[in-house]
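Keep in mind it's a predicted model, so treat the numbers as computed, not measured.
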Amino acid sequence: MPRKPNTSRQTRALLARLLELSQRWRHGYDLSKETGLKSGTLYPVLMRLSEQGLLESRWQDPERPGLPPRHVYRLTSSGLAFAREQARADAASAVGDPSGVLA
C-alpha cells in the first residue's frame with residue numbers, strides 16, 4: 001500500500017514546478033536546477049511520487065547519438081489534482097487563511 005503523499009517543503013516546491021508545465025515531460029536534472037533541490041533529495045521524492053501514482057515516468061531516447069537515455073517525469077491526472085490542492089493550501093497559508101481555503 002503506497003504511503004500518504006508527503007507535503008514537505010521540498011515536495012511542495014517540486015509539485016509547484018511540475019504544475020507550471022504540467023503537460024511536458026521533465027528531466028530530473030532540469031527539475032533539480034529549477035527547484036534548487038540536490039539529487040539526494042530530488043530523486044527519492046520523484047520515486048515516491050511515482051510509486052504513489054502522482055507522477056508517471058519513462059525513459060527518453062537521447063537527443064544526440066552516444067548519450068544515454070534519460071528518465072523523464074510528468075504529473076498524472078491525480079498528481080495534477082494533488083499539486084493544485086497543495087498550491088491552493090500554500091496560497092491560503094501565505095495570506096493567513098488558517099482553513100487552507102481561499103474565499
Side-chain angles (χ1 to χ4, degrees):
M1 182 165 119
R3 293 176 13 180
K4 179 181 175 192
N6 184 340
T7 57
S8 69
R9 177 183 55 82
Q10 295 88 349
T11 301
R12 290 191 320 269
L14 177 60
L15 288 170
R17 189 63 191 147
L18 287 165
L19 186 58
E20 289 177 18
L21 301 167
S22 61
Q23 298 303 310
R24 283 189 45 210
W25 288 96
R26 310 296 309 283
H27 294 109
Y29 179 75
D30 294 335
L31 291 167
S32 176
K33 288 189 338 187
E34 294 166 12
T35 62
L37 297 175
K38 303 283 187 214
S39 62
T41 300
L42 176 67
Y43 288 100
V45 172
L46 288 169
M47 289 187 306
R48 186 173 52 249
L49 292 172
S50 290
E51 290 169 0
Q52 295 167 342
L54 301 175
L55 279 184
E56 55 184 321
S57 64
R58 65 176 173 90
W59 286 102
Q60 183 180 54
D61 291 330
E63 295 172 7
R64 295 185 316 217
L67 294 176
R70 296 169 65 184
H71 245 123
V72 290
Y73 307 88
R74 73 175 173 191
L75 292 168
T76 62
S77 58
S78 58
L80 186 58
F82 182 72
R84 286 179 178 152
E85 177 184 316
Q86 289 301 304
R88 280 192 297 273
D90 288 348
S93 68
V95 296
D97 180 3
S99 69
V101 177
L102 290 173

With side chains defined as the heavy atoms from C-beta onward, is the minimum distance between [X] and [Y] less than 4.5 Å?
X: L19; Y: Q86; result: no
X: L15; Y: L54; result: no
X: V45; Y: L37; result: no
X: E20; Y: E34; result: no

Donor-acceptor pairs under 3.5 Å, side chain of residues 56-73 to any protein atom, not counting sequence neighbours: which ones?
residue: E56; atom: OE2; partner: R74; partner atom: NE; Å: 2.9
residue: Q60; atom: OE1; partner: H27; partner atom: NE2; Å: 2.6

Just how far is it from atom [atom1] of [X] to atom [atom2] of [Y], taken to the nearest 0.5 Å?
X: L18; Y: L75; atom1: CG; atom2: CG; result: 5.0 Å
X: T35; Y: R17; atom1: OG1; atom2: CZ; result: 9.0 Å
X: L42; Y: S32; atom1: CG; atom2: OG; result: 5.5 Å

#### Entry: Over all atoms of both residues, closest heavy-atom pair of T41 and P44
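Looking at all heavy atoms of both residues, the shortest contact is O-CD, 3.4 Å.
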
Using side chain to side chain contact (heavy atoms under 4.5 Å, CB included) as the criterion, list what pairs up with S39, not counting sequence neighbours.
->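 Residues passing side chain to side chain contact (heavy atoms under 4.5 Å, CB included) with S39: Y43.
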
field: Worked check of side chain to side chain contact (heavy atoms under 4.5 Å, CB included) between F82 and T7
entry: CA-CA 10 Å; F82 182 72; T7 57; 4.0 Å; yes

